[in-house]
2 protein chains.
Amino acid sequence: MPDFKVHILGCGSATPTAKHKPSCQVIETRGKLFMIDCGEGAQLEFRRQGLKFSRLNHIFISHMHGDHVLGLPGLLSTMALHQKEGEVTVHIHPEGAVLLQQIMAVLCRDTGFELKYDIIEPGGSYVLYEDKSLTVSTFPLYHRIACSGFMFKEKEPRRPLRADMLEFHKVPVAARRSIAEGADFTDAEGRLIPNAWLTRDPEPAVSYAYCSDTMRKAAVARSVAGVRCLYHEATYDDAQAFKAAARGHSTAREAAAVAREAGAQHLVIGHYSKSITDESLLTKQAAEEFGGKITAAKEGLIFEP
Amino acid sequence: MPDFKVHILGCGSATPTAKHKPSCQVIETRGKLFMIDCGEGAQLEFRRQGLKFSRLNHIFISHMHGDHVLGLPGLLSTMALHQKEGEVTVHIHPEGAVLLQQIMAVLCRDTGFELKYDIIEPGGSYVLYEDKSLTVSTFPLYHRIACSGFMFKEKEPRRPLRADMLEFHKVPVAARRSIAEGADFTDAEGRLIPNAWLTRDPEPAVSYAYCSDTMRKAAVARSVAGVRCLYHEATYDDAQAFKAAARGHSTAREAAAVAREAGAQHLVIGHYSKSITDESLLTKQAAEEFGGKITAAKEGLIFEP
């Protein structure tokens with residue numbers, strides 16, 4: 001199985017309610033945690049779900065509306081109290097970085113970790129983070145204020161070696177590294193053994209895109225084209241469609257259209273208006289537009305994109 | 001019964017836990033709500049307890065530590081979304097007012113209510129709020145940073161008229177107002193009827209003091225001398241007493257000593273360290289110092305001081 005999970009910490013909108021917390025989710029891959037958005041109360045949900053501050057070093061903030069960011073000062077303060085060390089990088093729009101610095105200067109002057117700010121250029125499309133197995137890039141969303149989406153992509157994995165074929169073709173240990181890197185092999189009799197015989201197909205690379213908050217735009221589908229799993233806000237149902245674009249939001253049906261246009265396999269919807277009492281109606285309306293798998297996010301949900 | 005209640009919305013310390021929320025309480029009297037401190041998540045607890053934004057117009061912030069203030073931007077934003085009107089006054093230290101203005105300028109530019117700031121002078125002792133039946137005053141606490149306590153005092157109520165005695169002494173309607181204001185009455189035969197015969201003793205005026213966060217200080221007891229009900233932080237138990245003063249906090253025993261010195265009738269303790277697993281130990285240690293009623297605060301508790 002791919003080592004890539006998404007934890008939903010909050011998938012409500014605007015104001016926290018008894019049913020849904022404001023936006024926050026955590027990507028867990030290869031022992032690292034990456035947080036996307038941080039609504040009020042996220043720190044409590046983070047610990048309730050057994051996640052570890054020691055593994056969280058990157059936080060991505062889509063935009064400066066309270067339901068996506070108000071939990072951040074408390075999370076960082078609690079991480080400081082919990083003796084968090086190393087570095088924490090907050091990827092955030094310019095005015096967010098200024099504000100967070102102002103807040104931290106008053107409320108949390110001393111952190112054992114180094115708090116770094118990576119300024120997201122509003123409207124920009126580029127890589128924000130990269131390690132040997134993952135890239136995180138940003139792309140524009142279309143909301144009432146500057147808002148950025150995030151794409152998490154595993155790098156194309158290497159083809160794993162086949163122990164049985166290495167033995168069969170009597171491949172010496174010294175040759176294995178180059179085969180793992182993609183080379184063919186010439187055996188003792190001078191025969192060329194193609195790399196594909198010595199390795200097997202890897203698990204397909206995971207890709208996951210986060211689009212919240214945004215109105216429905218063809219440009220969003222282009223930005224996430226080919227993504228395997230798409231999280232797209234679905235604030236409203238069909239009956240409330242008249243509110244969606246005016247408020248910079250989408251209906252579940254519009255989210256599904258973006259998933260279809262992007263060629264996604266799996267759509268996860270969230271950011272429900274507090275007027276939505278039954279998310280299965282949203283799933284139903286989305287299913288009329290999109291034939292892939294559809295999941296309605298809820299707090300505590302963990303899924304593999 | 002006096003029309004005066006205290007709602008505990010949070011009585012933990014430092015970081016929110018599954019057991020306790022950070023500091024927040026609401027005084028309810030004569031149809032008005034007054035909030036003291038506003039830790040992260042207070043807006044949710046406020047609505048969970050069925051309190052109404054429309055009745056909340058004054059918020060008092062003791063000091064600028066996150067567990068006392070991080071819920072404020074979210075509360076104000078949600079009040080704005082709920083079409084709150086009129087005025088909301090935040091009574092807060094100078095650097096808190098500056099920071100809150102910075103936060104609101106980014107996260108919540110439009111509020112249907114007028115957001116006013118009343119700057120609390122650190123170290124000052126004076127009246128912050130007054131209406132016809134209540135005064136709220138501030139006094140200094142002794143914490144790691146500037147911190148202010150709050151005293152809520154009902155004004156001395158008028159003596160209620162006794163309908164039976166008004167009838168017996170044949171008091172005309174026109175004379176009742178002056179009797180209600182304290183005058184004696186001279187009847188048709190020229191006899192002086194003392195005011196005390198025509199009225200009865202009122203309920204005693206309620207007074208309630210909030211002392212969190214603070215180390216134990218004789219000056220605090222003097223500031224709240226004669227208070228009927230004292231809320232005093234009790235972060236630690238006896239075994240942790242060595243931490244208390246150094247961190248600007250108190251033990252339950254120290255809170256009880258302040259209650260005794262102040263001549264209070266009722267002590268409510270709270271602001272428990274997350275290391276406290278059983279608050280009854282705090283109550284027991286407090287009872288060794290203070291003979292009055294002792295209550296351990298918990299979320300959802302409503303009491304009449």
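Chain letters run A, B, ... following the sequence lines, proteins first and then strands; every chain starts at 1.
Looking at A:V98, neither its backbone nor its side chain comes within 4.5 Å of chain B, counting heavy atoms on both sides. For A:R47, the part lying near chain B is the side chain, with the backbone staying farther off; criterion is any non-hydrogen pair under 4.5 Å. Only the backbone of A:A42 has a heavy atom closer than 4.5 Å to any heavy atom of chain B.
Residue B:T15 holds its OG1 atom at 11.5 Å from CG of A:L75, rounded to the nearest 0.5 Å. To the nearest 0.5 angstrom, A:Q43 atom CD is 8.0 Å from B:L70 atom CG. Distance check: B:R109 CZ to A:I145 CD1 gives 7.5 Å after rounding to the nearest 0.5 Å.
For A:E85, the CD atom is loosely surrounded, since the number of other residues' heavy atoms within 6.0 Å does not exceed 12. Residue A:K19 places its NZ atom among more than 12 non-hydrogen atoms of other residues, nucleotides or ligands, all under 6.0 Å distant. Heavy-atom contacts from other residues, nucleotides or ligands closer than 6.0 Å to NZ of B:K52 number 12 or fewer.
In terms of non-hydrogen atom pairs under 4.5 Å with chain A, the most contact-rich of B:P22, B:G66, B:C108, B:G41 is B:G41.
In this structure, the side chains of A:L107 and B:L99 come closer than 4.5 Å at one or more pairs of heavy atoms.
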